[in-house]
Amino acid sequence: AFKYANKRRTFGKKLVEHGMIKWKLAEMARQVESTHAHLEFITHQLNTIPREEHFTHLDLIMDISLLKVQATKTFEFCAREAAQ
């Protein structure tokens with residue numbers, strides 16, 4: 001999306017120079033970075049908690065479930081906004 005916004009021109013300027021497009025790209029980046037940070041946090045937990053406790057540790061199970069939902073919403077948002 002960023003490459004395309006840098007190449008495409010509308011109303012005499014690059015698409016990326018329009019305020020709404022800047023906001024959309026920034027929002028996509030914010031959501032992806034947030035999801036990545038959540039993934040890093042869970043990875044740390046998986047490396048810290050003993051392996052035999054992975055499926056009995058309720059906080060870890062909830063965090064993994066929340067990450068799945070967050071990742072799905074993030075990538076759906078990014079795909080939808082990039083296509084517009």
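All values below were derived from every heavy atom in this structure, side-chain atoms included, with hydrogens, water molecules and symmetry-related copies excluded.
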Rounded distance [0.5 Å steps], CG in Leu66 versus CD in Gln70: 9.0 Å
side-chain contact (heavy atoms from CB on, under 4.5 Å) partners of Ile42, counting only residues at least two apart: His38, Gln45, Leu46, Leu60, Asp63, Ile64, Leu67
Minimal non-hydrogen separation, Gln31 against Lys73, with atom names: OE1-O, 4.5 Å
CZ on Phe41 to NE2 on His36, rounded to 0.5 Å: 14.5 Å
Co-membership, hydrophobic cluster, residues Leu39 and Ile49, 4.5 Å side-chain: yes
From NE2 (His54) to CD1 (Ile61), nearest 0.5 Å: 10.5 Å
Carboxylate-amine/guanidinium proximity below 4.0 Å for Arg30 and Glu27: yes
Flag if over 12 foreign heavy atoms under 6.0 Å of CZ, Arg80: yes
Thr72 and Glu76: CA distance, side-chain angles, deciding distance, side-chain hydrogen bond (donor to acceptor under 3.5 Å, both in side chains) verdict: CA-CA 6 Å; Thr72 302; Glu76 184 274 329; over 6 Å; no
His57 NE2 to Glu52 CD distance, which is reported to the nearest 0.5 Å: 12.0 Å
Nearest heavy-atom neighbours spanning Cys78 and Val32: SG-CG2, 3.9 Å
